[in-house]
Amino acid sequence: MTLISAAEPGVYQAAEGTVQSGAWLLVALPALGAAILLVGGRKTDKWGHWLGVVMSWAAFVWGALLFFSLLGADAEERAIHLHLFTWIQAGTFQLDAGLLVDQLSIAFVLLVTFVGSLIHVYSVAYMEHDPDRRRFFAYLNLFVASMLLLVLADSYLLMFVGWEGVGLASYLLIGFWNHNPAYATAAKKAFIVNRVGDVGLSLAIMAMFAAFGSVSFTDVFANADSASENKLTVIGLLLLVGACGKSAQFPLQSWLGDAMAGPTPVSALIHAATMVTAGVYLVVRSGPVYIGAPDAQLVVVIVGAITLVYGAIVGCAKDDIKKALAASTMSQIGYMMLAAGLGPVGAAFAIFHLLTHGFFKAGMFLGAGSVMHGMNDSVNMRTFGRLSGVMKITWVTFGLGWLAIIGFPLLSGFWSKDKIIEAAFIGEGWRPWVFGLTAMLAAGITAFYMSRLFFMTFQGKEKRWNDDAHPHESPALMTVPMMILAIGSAFLGLALGVTNGLVHWLEPVTGAHGEEEPVLSVPVITGATLVLVAVGVALAWRMYWQASVPVTAPRGSLLTRAARHDLFQDDINEGLFMRPGQYLTRALVFVDNRGVDGAVRGLAALIGGLGGRLRLLQTGLVRSYAASMLAGVVILLGGMLAVRL
Amino acid sequence: MNQIHWLYLSVLLFSIGAVTVLVRKNAIVVFMGVELMLNAANLAFVTFSRINGNIDGQVIALFVMLVAAAEVVVGLAIIFTIFRTRRSASVDDANLLKY
């Protein structure tokens, strides 16, 4: 395998001109929006949501200008570094806060701001009757700002700031309706699982500092070439722990399903534009570290493969439309992780799939929100059915998203996912067969569960609506973003994939790959994948369109029941970590109360008791004192005499 | 006369003094016992001085007498004060300083 390494790290261009040197506005604008809305309080209730929308779009416009200024530059000069200020200075250690606008981060900037802004617009209508809509928009803006900081940072430490900001914003948004204890718990769960990942990332940063004495991308990547493989493996694995937490990868995936507690636009934002994509970004950005650590790469690929099957299995059993979509996100991010772990062969495709996924998944989540809007906030697909007639726009836009995600020829998913499957088949030995076949098989399962979701909701034999359901199409503020996203779902892959434009664009960052051939020929892979997809769709068609769907879920097979329980992820977490943790803390409390406190108190009681006894010797009788003195002297003298003798 | 006999006398006097201190309750009598013990010690000093042909013991005896005189002044004053407040010179009655 020949690897042409990424453009020499460290040769970033200094920012020039207003557009480039104003790149900090990308982060500052949404952050300002959030600050105004949070500080302004109820006074901003009337126009607050529009401020949020404007700030988000403004960030997108600036991002687009920045993109065009990069597009105008030569391919080698498309990485721009903007120095902001000296952040930390301690002795010889100096860390500058700066932004790195390159091919990778600008792709993220455009995705985050564009999809994020559409979700902002959608939320204006979706959250219309919520008394706290302003606060919601403040958090949305905070989310976007944090994510932009995450992808634009020029050092791991500054990235960590954005990383934590994203975690905070997701916590606030998942628990937005925190008057419901279950939702508040879901928010806490997301936050705590993310902390586990964050520990990994912060340890990775410390390891980098220990190994390289610096945490900026430039220094780390420049030193990564000469660093020992062991060091890089440790750093790579720790980074992966961080990525797993943020991107809901096995074994830190459990928070994603519960995160559906947040309002639906939040789910769209978390799953499409921000949050879960951060882990993929981290792995792709840290490419130079992973190149030097094949073992860590292998672990990334394995984690991706496990997650993509895991999510697909869970997705097949969920009756909750949002949770089914969440499982599919987990699975799709698994694809991206797998591709990112393959190194230069797949990293660009990971980003490609991330972009297309951002569009179709956001579209589908917004569609799900639209369905809920019309169905009294019900999420149970067993009470939907044949909604195609009453919600035409939602039906068509969701349908395009569905076709895109299953990899229908020429739609977005077809371009990006097939490339990942092809990339998974590249390599030597057992790996291409295991990972390639896993990815291919999961494509078939994806087709099944997404078709199941689509048929149960919009098609089917009969309407299974609740009596009080009066489904209707959503207002234009909601449908227009869905339409735009649907167009993206349909054509983004074609636009970016047919000429491999995005892959070439990203090459300076991800590294170019040579002309490796998959172990199977490309047409065979594509053909087999399409056959599997067709089988999946046909199966779903027979089971959920042709046959009637019972309103109460049947008991199902053992696997179905397990999948409904998220394959017992919570039970495993509780059994392996939570309960032993509780026992440990209880044991420690016991040891503290009885052991440590007991020893201290016991000693005090012993001394006190002894003192009480000794005190009684002080009788106040002078003659007894005199007697004891005399006895003492006699004993002393007797002793001295005895020794003398 | 064997000078060791003076030591026997000294021991005897000391014992009488000590027993007086331990047995009697009246503070004045206890005080007398103390004086007896002091002078028994003086007798021993002087005796040893004679035995060793060394004047140091006699000098110390003078010092002890001096200290005893001072002690008598202070001690009697204390006993007097105690008697005035409690109408009693018994050492067992003055037992406030206890647990």
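All values below were derived from every heavy atom in this structure, side-chain atoms included, with hydrogens, water molecules and symmetry-related copies excluded. Chain identifiers are assigned alphabetically (A, B, ...) following the order of the sequence lines, protein sequences preceding nucleic acid strands; residue numbering begins at 1 within each chain.
Residues passing the ring pair (Phe, Tyr, Trp, His ring centres under 6.0 Å) test with Phe176(A), sequence neighbours excluded: Phe136(A). Residues passing the side chain to side chain contact (heavy atoms under 4.5 Å, CB included) test with Glu164(A) are Phe160(A), Arg195(A), Asp198(A), sequence neighbours excluded. In terms of the side chain to side chain contact (heavy atoms under 4.5 Å, CB included) criterion, residue partners of Leu13(B) (sequence neighbours excluded) are, by chain and number, Leu9(B), Leu36(B), Ala40(B), Leu43(B).
At distances below 3.5 Å, not a single donor-acceptor pair connects side-chain atoms of Asp592(A) with backbone N or O atoms of Leu588(A). At distances below 3.5 Å, at least one donor-acceptor pair connects side-chain atoms of Trp255(A) with backbone N or O atoms of Gly245(A). Looking only at distances, a side-chain donor or acceptor of Lys246(A) sits under 3.5 Å from a matching main-chain atom of Trp163(A).
Within the 4.5 angstrom heavy-atom criterion, only backbone atoms of Val23(B) (N, CA, C, O) approach chain A. Using a 4.5 Å cut-off between heavy atoms, Leu616(A) contacts chain B through both its backbone and its side chain.
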Donor-acceptor pairs under 3.5 Å, chain A to chain B, main chain and side chains both?
unit_1: Gln618(A); atom_1: O; unit_2: Tyr99(B); atom_2: N; d: 3.1
unit_1: Arg623(A); atom_1: NE; unit_2: Asp92(B); atom_2: OD1; d: 2.9
unit_1: Arg623(A); atom_1: NH1; unit_2: Leu22(B); atom_2: O; d: 3.1
unit_1: Arg623(A); atom_1: NH1; unit_2: Val23(B); atom_2: O; d: 2.9
unit_1: Arg623(A); atom_1: NH2; unit_2: Asp92(B); atom_2: OD2; d: 2.5

| Which is it for Asn194(A) and Met275(A) under the side chain to side chain contact (heavy atoms under 4.5 Å, CB included) test, yes or no, and what are the steps along the way? | CA-CA 10 Å; Asn194(A) 267 288; Met275(A) 192 82 181; 3.4 Å; yes
